[in-house]
A.B. asks: 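This structure is in structure tokens; I'll ask about it shortly.
Treat the numbers as computed from the prediction; the structure is a model and nothing was measured. Each ligand, and each atom within it, is numbered from 1 in the order the structure gives.
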Amino acid sequence: MLTVCHLYPDLLNLYGDRGNIIAFVRRCQWRGIPVRVREVGIGEPVDFGAVDFVFLGGGSDREQTLMAEDLLRRKDELQAAIEDGLVMLAICGGYQLLGRYYRTLQGETIPGLGLLDFYTRAGEKRLIGDIAVEAELGGRTVRLVGFENHAGQTFLGNIRPFGRVLAGYGNNGQDGTEGARYKNVFCSYLHGPILPKNTALTDYLIGRALARRGQDGILCPLDDTFEERACAVILRRLRLGR
Ligand code: GLN
């Protein structure tokens with residue numbers, strides 16, 4: 001049984017972020033892997049040690065401020081689980097909060113958990129549009145597509161990016177990096193949502209979660225015709241596909 005933890009589903013759910021939970025769950029179920037979802041809101045208890053996959057979505061600056069304090073209280077427990085190999089996906093606003101801080105355009109600083117070495121500051125120009133990145137998953141290079149919409153520009157310190165921007169802005173529109181990766185934590189600006197369209201990533205996360213529980217993590221293939229078509233549309237739009 002895999003346990004999925006959806007953090008702050010009522011506050012952080014921009015551009016269909018919930019679709020990430022649906023894709024993760026369905027791709028488990030289609031293969032007969034038992035899975036359950038726990039939604040955790042502000043003040044609600046969760047034992048990260050007993051969870052297999054944590055999803056933290058995107059939100060506006062206002063929503064980020066509302067849940068940042070609650071997330072800070074969970075820092076030690078989350079950190080221990082991450083060090084133990086917890087599989088986690090954090091998108092946009094959720095991604096920003098795992099770093100050192102997020103400075104808004106008004107100059108307000110929202111403290112992050114400081115679990116990962118990066119910071120984010122809002123820029124005048126929003127970084128909006130379709131995006132394609134290249135990332136390495138288990139020794140395989142894959143192309144991922146999504147939609148980004150953020151004012152925050154993220155600058156990485158001593159941490160590797162999740163991927164390399166092929167088209168779009170990514171972390172900051174300047175250095176060609178997208179997202180961040182540490183152990184089994186994957187951070188990205190790709191909304192869309194990212195998991196339904198990018199099945200290689202979804203399956204990689206499921207495989208990592210199973211492997212952490214001592215299973216072989218090898219998944220039987222599914223028919224991804226529709227998902228591949230959805231990717232192809234975005235790649236063509238970005239002049240990257242046939
Ligand atoms: N508030 C953040 C920004 O604009 C996050 C936005 C988001 O999650 N889409 O950078």
A.B. asks: I'd like to know if Q96 contacts ligand 1, where contact means a heavy-atom distance under 4.0 Å to any ligand atom.
C.D. replies: yes

A.B. asks: Which atoms of ligand 1 are found less than 4.0 Å from any heavy atom of G58?
C.D. replies: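 Counting from 1, the qualifying ligand atoms are 8 (O).
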
A.B. asks: Please report the C-alpha distance between D70 and Y8 in whole Å, then the side-chain angles of each, then the deciding distance to 0.1 Å, and finally whether the side chain to side chain donor-acceptor pair (under 3.5 Å) criterion is met.
C.D. replies: CA-CA 10 Å; D70 188 80; Y8 316 113; 2.6 Å; yes

A.B. asks: Flag yes if I206 and M88 sit in one hydrophobic cluster, no otherwise; membership is Ile, Leu, Val, Met, Phe, Trp, Tyr, and two members link when side-chain heavy atoms are under 4.5 Å apart.
C.D. replies: no

A.B. asks: Please determine if N149 has a nitrogen or oxygen closer than 3.5 Å to a nitrogen or oxygen of ligand 1.
C.D. replies: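 For ligand 1, there is an N or O atom that lies under 3.5 Å from one belonging to N149.
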
A.B. asks: Is the closest heavy-atom distance from R126 to ligand 1 below 4.0 Å?
C.D. replies: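 For ligand 1, residue contact (heavy atoms, under 4.0 Å) with R126 is present.
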
A.B. asks: Which protein non-hydrogen atom lies closest to atom 4 (O) of ligand 1, naming both residue and atom, and how far is it?
C.D. replies: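 Minimum-distance protein heavy atom for atom 4 (O) of ligand 1 reads A151 N, 3.0 Å.
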
A.B. asks: Which option, C92, G59, G152, G123, owns the non-hydrogen atom nearest atom 10 (O) of ligand 1?
C.D. replies: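 The option holding the nearest heavy atom is G152.
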
A.B. asks: Quick one: does Y102 get within less than 4.0 Å of ligand 1, heavy atoms only?
C.D. replies: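 Per 4.0 Å heavy-atom rule, Y102 contacts ligand 1.
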
A.B. asks: Take E108 and R103, measure what salt bridge (Lys or Arg N to Asp or Glu O under 4.0 Å) needs, and give me the verdict at the end.
C.D. replies: CA-CA 6 Å; E108 191 197 339; R103 187 156 299 145; over 6 Å; no

A.B. asks: Using the rule that Ile, Leu, Val, Met, Phe, Trp and Tyr join whenever any side-chain heavy atoms are under 4.5 Å apart, tell me whether I21 and V40 fall into a single cluster.
C.D. replies: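 No, because I21 and V40 fall into different hydrophobic clusters, even though each may have its own neighbours under 4.5 Å.
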
A.B. asks: Please list, chain by chain and in numerical order, all residues satisfying side chain to side chain contact (heavy atoms under 4.5 Å, CB included) with C187, sequence neighbours excluded.
C.D. replies: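 Counting only residues at least two positions away or on another chain, C187 forms a side chain to side chain contact (heavy atoms under 4.5 Å, CB included) with A90, Y95, L98, L116, A180, V185.
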
A.B. asks: Would you say the rings of H6 and F55 are close, in the sense that their centroids are separated by under 6.0 Å?
C.D. replies: yes

A.B. asks: May I ask you to check if R160 and F162 form a cation-pi contact, with NZ or CZ under 6.0 angstrom from the six-membered ring centre and within 45° of the axis?
C.D. replies: no

A.B. asks: Tell me, with the steps shown, if K197 and E227 meet salt bridge (Lys or Arg N to Asp or Glu O under 4.0 Å).
C.D. replies: CA-CA 5 Å; K197 278 199 282 273; E227 291 84 347; over 6 Å; no

A.B. asks: Report, in ascending order of atom number, the atoms of ligand 1 lying under 4.0 Å from any heavy atom of Q64.
C.D. replies: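 Listed by number with element: 1 (N), 2 (C), 5 (C).
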
A.B. asks: Which of the numbered atoms in ligand 1 are below 4.0 angstrom from a heavy atom of G93?
C.D. replies: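 So the atoms of ligand 1 that pass are 5 (C), 7 (C), 8 (O).
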
A.B. asks: So is there a nitrogen or oxygen of H150 less than 3.5 Å from a nitrogen or oxygen in ligand 1?
C.D. replies: no

A.B. asks: What is the nearest protein non-hydrogen atom to atom 1 (N) of ligand 1, stated with its residue, atom name and distance?
C.D. replies: D61 OD1, 2.5 Å

